[in-house]
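Chain letters run A, B, ... following the sequence lines, proteins first, then strands; residues in each count from 1.
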Protein chains: 2
Amino acid sequence: MPRTVDAEQRRRELGEAVWRVIRRDGVPGASVRNVAREAGTSMGSLRHWFTTQDDLLRFAMTLVAERARARVVAVLAASDTVDDRGLRALEEVLPLDEERRAETEVWLALTARALVDPRLAALRDASAEDLLALCALVLREPGALRAGLDPGLEAERLYAVLDGLAVHALTRPAALPADRARQVLAAHLEALRDTR
Amino acid sequence: MPRTVDAEQRRRELGEAVWRVIRRDGVPGASVRNVAREAGTSMGSLRHWFTTQDDLLRFAMTLVAERARARVVAVLAASDTVDDRGLRALEEVLPLDEERRAETEVWLALTARALVDPRLAALRDASAEDLLALCALVLREPGALRAGLDPGLEAERLYAVLDGLAVHALTRPAALPADRARQVLAAHLEALRDTR
DNA sequence: CGGAAACTAGCACAGTCGTGCTAGGAAGTC
DNA sequence: GACTTCCTAGCACGACTGTGCTAGTTTCCG
């Protein structure tokens, strides 16, 4: 019986309804009633899948991390030999198209809420560790990091560039369109390379 | 009659009460009642100074931008001859102590809310332009930018590092304590310098 | 078929919300 | 003294909130 699969599927559908509401009305708009209406179901049904509202928001946040992570892994797996795979992997977490933009919006909204919600904060911290590790991984590519640079510090710096670009591309799309964000990230990686 | 001075003073007091509530309970906690209680006054009095709740939040946001800006200007004015004045100016917008941490928390919370509140978004955009200009200014210091680097792109990159560090130092203080954030920022500026 | 489990639906409760509104007190001007 | 303006206080309203709860519906197993 593929019960658990169906259940997970249903939760994802509802989680994405949460996204749509958050994108339209912000986290405060993500009430049980609004989400249920958006998903075309009832309050009671929604509460069958998510006992409390916090459950719902936490799931929406794990969904962001999980989807971004899946894309990154896919890029890394699909481009074994390409030399800009690091850049292309990092681009997967920037809001460069509508899908990633939605994720980034939800991420930012929930990151802010995590300031006063410890359970969300734990999720946020976990995905932050993930991203920092991704940055470190990218810098371990052959020739990616010039001799004399401190790998730990450079990973932290790259991660700062990445999240800074994410925030700016999201909030100031006119000043920092997708191409420009990509260009800045590429320039940063280029500046770290061994330029023999 | 120093009425306007008193009035501005009163509004600032109430604005800082908003901060305290936002830091404790997040933006959703910043209801008219809660802020009035925090400020030790009544709903009616609060509504005399701020007609609507949006007024209140907008003012709290301008207060952040204004205070950070004042500190940056003070640093730039006080250190005409020091060669790390750029670094020290930029540090003023990082959450390196309790005061700046409070500002950054409020900034992040309101930035997220600005995603669905156009009037807040206008304020956020204005202060973003300010900060980008500050980055560009710092890079125009003598010797700050090596020949061959694109000033516009480097300003955008520096701004990304700055906001990225701000978010990370705020949300992951254990992984990125004040000294470390300062160190990463200094390393970034150093990497841009003319190293003749 | 019967029965159980999974799921959906939505009412009810107690609470918080923003804001309109009136009324009282304080301070300043004549 | 009266009069005006500024400020404070808080009630009242309708709307919305999360969650406990019961009842109905569908789906699956034997």
Can you tell which of [options] lies closest to the side chain of [X]?
| X | options | result |
| --- | --- | --- |
| A:Val32 | D:dA9, C:dA9, D:dT19 | D:dT19 |
| A:His48 | D:dT19, C:dG18, C:dT8 | C:dT8 |
| B:Met43 | C:dT8, C:dT19, D:dA9 | C:dT19 |

If you compare every side-chain N and O of [X] against the phosphate oxygens of [N] (OP1, OP2), does one of them come in below 4.0 Å?
| X | N | result |
| --- | --- | --- |
| B:Thr41 | D:dA9 | yes |
| B:Trp49 | D:dC6 | no |
| B:Arg10 | D:dT8 | yes |
| B:Arg37 | C:dT16 | no |

*asked:* Can you say whether a donor on the side chain of A:Arg47 sits under 3.5 Å from an acceptor on the base of D:dG18, or the other way round?
replied: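 It does not, because no donor-acceptor pair links the side chain of A:Arg47 to the base of D:dG18 below 3.5 Å.
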
*Could you tell me the separation between the CZ atom of A:Arg67 and the OG1 atom of A:Thr62, rounded to the nearest 0.5 Å?*
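Result: 11.5 Å between the selected atoms.
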
*Would B:Arg100 and B:Glu91 pass as an ion pair if we require N to O under 4.0 Å?*
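Between B:Glu91 and B:Arg100 there is no salt bridge, as every charged N stays at least 4.0 Å from the carboxylate O atoms.
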
*Ion pair check, A:Glu156 and B:Arg172, cut-off under 4.0 Å*: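 Yes, charged N to carboxylate O under 4.0 Å.
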
*Of A:Arg33 and A:Leu46, whose nearest nucleotide on DNA chain C comes first from the 5' end?*
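That would be A:Leu46.
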
*For A:Asn34, answer base if it contacts any base atom (sugar-phosphate contacts may also be present), sugar-phosphate if it contacts only those atoms, and nothing otherwise; contact means non-hydrogen atoms under 4.0 Å.*
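Sugar-phosphate: the residue A:Asn34, judged by heavy atoms under 4.0 Å, touches backbone atoms but no base.
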
For atom [atom1] of [X] and atom [atom2] of [N], their distance in whole Å:
| X | N | atom1 | atom2 | answer |
| --- | --- | --- | --- | --- |
| B:Asp25 | C:dT16 | CG | P | 13 Å |
| B:Arg11 | D:dT8 | CZ | C1' | 17 Å |
| B:Phe50 | D:dC7 | CZ | C1' | 14 Å |

*Starting from the 5' end of DNA chain D, give me the residue, A:Gly44 or A:Ser31, whose nearest nucleotide shows up first.*
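Result of the comparison: A:Ser31.
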
*More than 12 heavy atoms of other residues, nucleotides or ligands under 6.0 Å from CZ of B:Arg23: is that the case?*
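Enclosed.
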
_For B:Arg193, is the CZ atom crowded, meaning more than 12 foreign heavy atoms sit under 6.0 Å from it?_
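It does: B:Arg193 CZ has more than 12 such atoms within range.
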
